Structures are given as structure tokens and as C-alpha cells.
Asker: 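Can you read through this structure? Questions will come right after.
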Amino acid sequence: MIFDLFQNIGKKTIYFFFRLGEAFFLLIYSLFCIPNFFKSIKRVINQLYFVGFLSLIVIIVSGCFIGMVLCIQGYNVLIKFGAEQELGQMIAVSVIRELGPVITSLLFAGRSGSSLTAEIGFMKMTEQLSSMSIMGVDPFKRIIGPRFWAVQISLPLLSLIFIQISIIGAFFIGVYFLGIDSGAFWSNMQSVIIFQEDVFNSVIKTFIFGFVIAWISVFQGIYCIPTSEGIGYATTNSVVYSSLSIFIIDFFLTIFMYTDV
């Protein structure tokens, strides 16, 4: 009984470090896996369309309604203190610093990250990865490179689009529905937002989030169990692990970027 318990603990520990080693290998490979854009430009463009352009409608709709809801909720709080003219300032700070990069990354992980995992898992199940190795083609470089750089390019752009749509949606609700002065809305926003500090840091966040999403999604796909059940399990893990990683990393990045601690 006790022997079996220790045996199971040992197996799980060895398996954990084995998977950790695989993830670390994939991380190192991803850092140095820069594709030859003259040879793989078509694959990169295809992945940009797949992970970026097809996510655009989700980002636009979500950004619009999140901006409008944030405007209404912020107005209900600020009006109690007679500070409703500061609504633009509150919207800009909230969306640019936090909601923009975080929510965009979460939506991206749920839509594109899971798709990448499922696609690569299906390629493994149908033995396409093994066929590439037999033909002398490096499956890691052919698969990781275009997808990794497509995520790194598309996610910051999607985040900037989300931020713009959210602010525009908040503007229309605040000015035409709640009666906020449009001049005060934009002037208060411009007075508090510093491009080098706020917008640049927001883009840096999305680059880091994109790297983590690409890493987790590709890892879950390549090392999944090549069955329909295994692919479904890996897809779920991809979304869950990416989402948790985004929240945890965002906490430390926020401390580093916006506090003097």
C-alpha cells in the first residue's frame, strides 16, 4: 500500500519534470526559430489570416460592448462625486493599461490558441509530423516558426484595435447617451495618457502574452495524445493554461511598469 503510494508519487514527479523539459526545449527552440521569410512568407501570411484576421470580428464586437459597459458603470460611480467629466480619463487608463491587452489576449487564446492546438494535434494524429521527418523536413521549424511569428505580429495589432474600438464605443455612449461634454472627454484623456509609458507598455504586454500563448498552444498540440480525446484534452489545457498565465504575468508586469515598488 505504502509502496504503491510512493511509486505513484515517483511516476508523477518524473512525468512532471519530463514534460517540463519538453516545454523548456520548445521554449528555447521558439526563441531561435526565426523562419526564412523568403521561403516561408506564404505560410506566415496564411497563419496571419488564420490567427489574426479571423479573430478581428470577435475583437471588434467585444471591444465595442466592453467600452460601452465600462462607460456606463464608470459614469454611475463618478457622478456620485460630481466627477463625471473625468470619464474619458478613467476609460483611457483602464482600457489602455489593463483591459485592452488582457481581454484581447484572453479572447485570442480562446479562439486562435485553441485552434492552433487542435490543428497541430490533428497533424500529429494523422502522422503528418512523422511524414515530414521522414522526408527530411524539420516539423518543428515548419510548424513553430510561422505560427509563432504570426501570433507575435497579430496580437499587438488586435490589442490596439480593441483599445480604439473600446474608446470610441465609450465616447458615443458617454457623449450622446449620458451627456458628457465631448471636449472634456478627449482633453481629460489626453492629459493623463503618456504614449511612451502607457501605449508602449500595453504593446509590450501583448508581445509577452502572445509569446506565452504561442508557446503553450504549440506545446499542447505537439505533445498531445494522438487521439480525438487527447486532442480535446490538450485544447482545453491550452486555453486554461494560457488564461492563467496571462493573469499571473499581467500582475507582475503591472507592478514592474506602473509602480515604484
Side-chain angles (χ1 to χ4, degrees), residues 11-35 40 43-44 46-52 54-55 58-59 101-133 137-156 158-159 205-250:
K11 287 182 179 179
K12 291 184 180 297
T13 303
I14 294 173
Y15 179 76
F16 170 78
F17 283 103
F18 176 74
R19 297 284 286 183
L20 187 64
E22 289 178 329
F24 182 74
F25 167 77
L26 187 62
L27 172 63
I28 298 300
Y29 198 92
S30 299
L31 290 174
F32 296 98
C33 185
I34 302 176
S40 59
R43 292 194 295 270
V44 174
N46 288 337
Q47 290 303 317
L48 282 172
Y49 173 80
F50 180 72
V51 303
L54 294 182
S55 302
V58 177
I59 298 299
V102 172
I103 294 181
T104 303
S105 299
L106 291 175
L107 293 172
F108 190 88
R111 191 267 162 201
S112 298
S114 60
S115 298
L116 288 178
T117 300
E119 179 189 15
I120 296 173
F122 180 78
M123 294 174 66
K124 182 177 182 179
M125 185 176 68
T126 55
E127 298 185 351
Q128 295 182 45
L129 303 183
S130 301
S131 301
M132 291 180 189
S133 300
V137 177
D138 185 356
F140 282 87
K141 189 171 184 179
R142 187 178 181 87
I143 292 172
I144 293 175
R147 287 163 176 80
F148 176 80
W149 290 106
V151 171
Q152 292 296 91
I153 294 171
S154 59
L155 185 55
L158 291 174
S159 178
K205 278 188 176 184
T206 55
F207 270 114
I208 297 175
F209 295 157
F211 178 82
V212 172
I213 292 171
W215 177 29
I216 294 175
S217 300
V218 173
F219 172 79
Q220 291 294 330
I222 289 179
Y223 295 105
C224 73
I225 300 174
T227 62
S228 57
E229 182 180 358
I231 294 174
Y233 184 73
T235 303
T236 302
N237 285 343
S238 175
V239 177
V240 173
Y241 293 159
S242 297
S243 301
L244 292 177
S245 299
I246 288 168
F247 287 124
I248 294 172
I249 294 172
D250 179 64

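Residues: numbered from 1 along the sequence shown. From a predicted model like this one, the values you see are computed outputs, not experimental measurements.
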Asker: Would you say the side chain of I222 lies within less than 4.5 Å of the side chain of M123, judging by non-hydrogen atoms?
Answerer: no
Asker: Could you walk me through whether I249 and K205 pass the side-chain contact (heavy atoms from CB on, under 4.5 Å) check?
Answerer: CA-CA 9 Å; I249 294 172; K205 278 188 176 184; over 6 Å; no
Asker: State the CD1-OG distance between I248 and S243, to the nearest 0.5 angstrom.
Answerer: 11.0 Å
Asker: Keeping Q152 on the side-chain end and F211 on the backbone end, is there a donor-acceptor pair under 3.5 Å?
Answerer: yes
Asker: If I take atom CH2 from residue W215 and atom OH from residue Y241, how far apart are they, to the nearest 0.5 angstrom?
Answerer: 12.5 Å
Asker: Specify the closest pair of heavy atoms between F50 and E119, including all atoms of both residues, with the distance to one decimal.
Answerer: CE2-OE1, 4.1 Å
Asker: Find the distance between CG (D250) and CG (L106) and round it off to the nearest 0.5 Å.
Answerer: 9.0 Å
Asker: Is any side-chain heavy atom of Y233 closer than 4.5 Å to a side-chain heavy atom of I225?
Answerer: no
Asker: Nearest 0.5 Å, please: how far is CZ in F122 from OG in S228?
Answerer: 11.0 Å
Asker: Should L107 and S55 count as side-chain neighbours, where that means a heavy-atom distance under 4.5 Å?
Answerer: no
Asker: Below 4.5 Å, heavy atoms only, C-beta onward: do I120 and R147 meet side chain to side chain?
Answerer: yes
Asker: Measuring from atom CG of L54 to atom OH of Y49, what distance do you get when rounded to the nearest 0.5 angstrom?
Answerer: 4.5 Å
Asker: Would you check, one step at a time, whether the test side-chain contact (heavy atoms from CB on, under 4.5 Å) holds for Q47 with L116?
Answerer: CA-CA 10 Å; Q47 290 303 317; L116 288 178; 3.7 Å; yes
Asker: If you take all heavy atoms of G113 and S238, which pair is closest and at what distance?
Answerer: O-OG, 3.7 Å
Asker: Any side-chain heavy-atom pair from S105 and L155 closer than 4.5 angstrom?
Answerer: yes
Asker: About how many Å separate CD1 of I208 and CD1 of I213, when rounded to the nearest 0.5 Å?
Answerer: 12.0 Å
Asker: Do V218 and F148 have side chains that get closer than 4.5 Å, going by heavy atoms?
Answerer: no
Asker: How far apart are the closest heavy atoms of I246 and F209, and which atoms are they?
Answerer: O-CE2, 3.7 Å
Asker: Looking only at heavy atoms, which two atoms of V51 and S112 are closest? And how far apart?
Answerer: O-OG, 2.8 Å
Asker: Does a donor on one side chain and an acceptor on the other come within less than 3.5 Å for T117 and T235?
Answerer: no
Asker: Shortest non-hydrogen contact from T206 to P101?
Answerer: CG2-CB, 3.6 Å
Asker: Between G210 and V151, which heavy-atom pair has the shortest distance, and what is it?
Answerer: O-CG1, 3.3 Å
Asker: Please report the C-alpha distance between L48 and W149 in whole Å, then the side-chain angles of each, then the deciding distance to 0.1 Å, and finally whether the side-chain contact (heavy atoms from CB on, under 4.5 Å) criterion is met.
Answerer: CA-CA 9 Å; L48 282 172; W149 290 106; over 6 Å; no
